[in-house]
Amino acid sequence: MNGVNKTLYIPLYGKSYVSKKGLFINDKKAEEIWEAEGFSLKGKSKSKWLAYYMGVRSAVFDEWLWQQMRDEPDALVIHIGCGMDSRVIRVGTKNHMWYDVDFPEVIEERTRYYSESANYRMIAGDARDCNWLANIKENKNAIVVMEGVSMYLTANEMRNMTDSLCAHFERLSLLVDCYTSFAAKMSKYRNPINDVGVTEVHGIDDPKLYQSDRLTFVKEHTMIPSKYIGELKGIERFIFAKLYAGNFSKKLYRLFEYKK
């Protein structure tokens with residue numbers, strides 16, 4: 001795998017770590033895959049604080065997606081940049097069709113641990129060109145999540161992708177986390193993704209940069225809700241809140257919702 005693809009092991013480790021500790025999410029599949037793969041992470045990539053952040057971020061995405069699926073029973077789900085994530089298991093497909101999308105080599109690895117079903121498919125493709133949309137025949141309503149992906153795409157690439165999604169679907173809901181421009185600059189020196197060889201990332205400060213005449217910015221979500229910070233105890237709760245919550249974290253990470 002190339003450097004960007006190897007970054008999938010960082011959230012996989014984080015979700016495995018917090019799941020074992022009984023925090024934020026229950027992710028037995030992450031535990032299983034991490035144990036089997038035995039991928040070697042080093043430095044900041046194995047920080048427990050980063051693992052806590054990855055766990056909370058996933059919980060926030062899961063919660064939003066679950067609510068969207070409840071509100072829109074006719075929608076299909078698309079998880080772009082799924083990596084080895086088990087969101088389809090954690091949230092459940094219910095009566096929704098679900099598509100997990102990632103690079104061909106990632107999907108090939110993923111098929112070792114996940115099996116397709118009548119309402120679950122894995123699609124090999126690059127988020128930047130959206131040729132993979134030809135594999136999705138439904139065109140009415142889609143709920144799309146992009147967790148830990150936008151920072152590897154330029155603003156133009158993101159707009160091209162959302163334009164393709166809007167052209168394909170009559171209705172669209174999108175949740176995407178982003179680096180700020182400051183975080184993108186700092187990532188050359190102080191980002192765990194450097195440990196797997198990635199040094200170039202992108203950030204935005206204005207959520208309207210991803211808007212178009214068809215896609216509208218709806219709201220900014222809290223990346224680290226207090227209820228999840230409350231699952232930690234004592235000094236860990238204090239340190240995590242200082243590192244990843246509040247005004248400081250907003251200088252680095254943002255979470256935006258869009259709709260067509």
Side-chain angles (χ1 to χ4, degrees), residues 1-15 37 39-47 49-51 53-54 57-58 61 78-85 100-110 123-132 144-165 174-212 215 217 220 223-224 243-244 248-256 258:
M1 291 189 182
N2 63 28
V4 171
N5 290 343
K6 288 180 181 177
T7 62
L8 66 85
Y9 290 109
I10 299 174
L12 177 64
Y13 167 75
K15 284 173 276 195
E37 288 298 313
F39 186 80
S40 178
L41 291 178
K42 60 183 179 179
K44 296 183 289 293
S45 298
K46 292 198 74 171
S47 160
W49 308 113
L50 180 62
Y53 168 72
M54 294 293 180
R57 185 180 73 178
S58 289
F61 269 85
I78 305 176
H79 184 179
I80 297 176
C82 59
M84 301 298 282
D85 188 73
D100 275 341
V101 181
D102 214 315
F103 290 114
E105 54 267 44
V106 175
I107 294 298
E108 182 179 358
E109 183 77 2
R110 187 176 175 86
I123 300 177
D126 187 330
R128 294 167 293 189
D129 61 35
C130 280
N131 291 333
W132 51 268
V144 181
V145 288
M146 291 182 66
E147 179 187 359
V149 177
S150 72
M151 54 284 301
Y152 303 113
L153 279 64
T154 66
N156 283 336
E157 288 171 337
M158 277 291 298
R159 281 194 297 272
N160 288 338
M161 185 205 68
T162 56
D163 283 348
S164 296
L165 288 167
L174 169 68
L175 187 67
V176 54
D177 62 317
C178 310
Y179 282 170
T180 63
S181 57
F182 173 71
K185 291 176 183 177
M186 291 298 294
S187 287
K188 294 182 179 180
Y189 314 103
R190 298 177 58 85
N191 194 315
I193 61 176
N194 303 153
D195 296 332
V196 292
V198 177
T199 57
E200 183 177 2
V201 292
H202 309 277
I204 65 168
D205 299 314
D206 182 358
K208 293 182 179 179
L209 282 175
Y210 292 166
Q211 272 196 168
S212 67
L215 189 71
F217 169 65
E220 179 171 358
M223 183 74 84
I224 309 291
L243 287 174
Y244 289 104
F248 175 70
S249 70
K250 288 189 69 173
K251 295 179 180 179
L252 302 173
Y253 316 102
R254 310 289 288 275
L255 184 60
F256 301 136
Y258 299 84

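Residue indices begin at 1 and follow the sequence shown.
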* **Aromatic ring pairing Tyr244/Tyr53, orientation class (parallel under 30°, perpendicular over 60°, tilted between)** =>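 Judged by the thresholds at 30° and 60°, the geometry between Tyr244 and Tyr53 is parallel.
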If you compare all heavy atoms of [X] against all heavy atoms of [Y], which two are closest, and at what distance to 0.1 Å?
X: His202; Y: Ala184; answer: C-CB, 3.8 Å
X: Thr154; Y: Glu157; answer: N-OE1, 2.9 Å
X: Met146; Y: Met158; answer: CE-SD, 3.8 Å
X: Pro104; Y: Gly125; answer: CD-N, 4.3 Å
X: Val149; Y: Ile80; answer: CG2-O, 3.4 Å
X: Arg57; Y: Pro11; answer: NH2-CB, 4.4 Å

Using atom types as modelled and distance alone, determine if a side-chain donor or acceptor of [X] lies under 3.5 Å from a backbone N or O of [Y].
X: Asp102; Y: Ile107; answer: no
X: Tyr179; Y: Lys185; answer: no
X: Ser181; Y: Ile204; answer: no
X: Asp100; Y: Cys82; answer: no

* To do: Verify the neighbour count for atom CD of Glu220: are there more than 12 heavy atoms of other residues, nucleotides or ligands below 6.0 Å?
  =>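 Enclosed.
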* To do: Run the salt-bridge test on Arg254 and Asp177 with the 4.0 Å N-O cut-off and return the result as yes or no.
  =>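 The answer is no: the pair does not qualify as a salt bridge.
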* Asked: Does the distance from a Lys or Arg side-chain N to an Asp or Glu carboxylate O, for Arg128 and Asp126, drop under 4.0 Å?
  ->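 Salt bridge between Arg128 and Asp126, a charged N being under 4.0 Å from a carboxylate O: yes.
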* Are Phe217 and Tyr210 an aromatic pair by the rule of ring centers under 6.0 Å? ->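 Centroid distance Phe217-Tyr210: not below 6.0 Å, so no.
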* Can you find a heavy atom in the side chain of Cys178 that is under 4.5 Å from one in the side chain of Tyr253? ->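 Sidechains of Tyr253 and Cys178: no contact.
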* Does some side-chain heavy atom of Tyr258 sit less than 4.5 Å from a side-chain heavy atom of Pro207? ->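 Yes, at least one pair of side-chain atoms sits under 4.5 Å.
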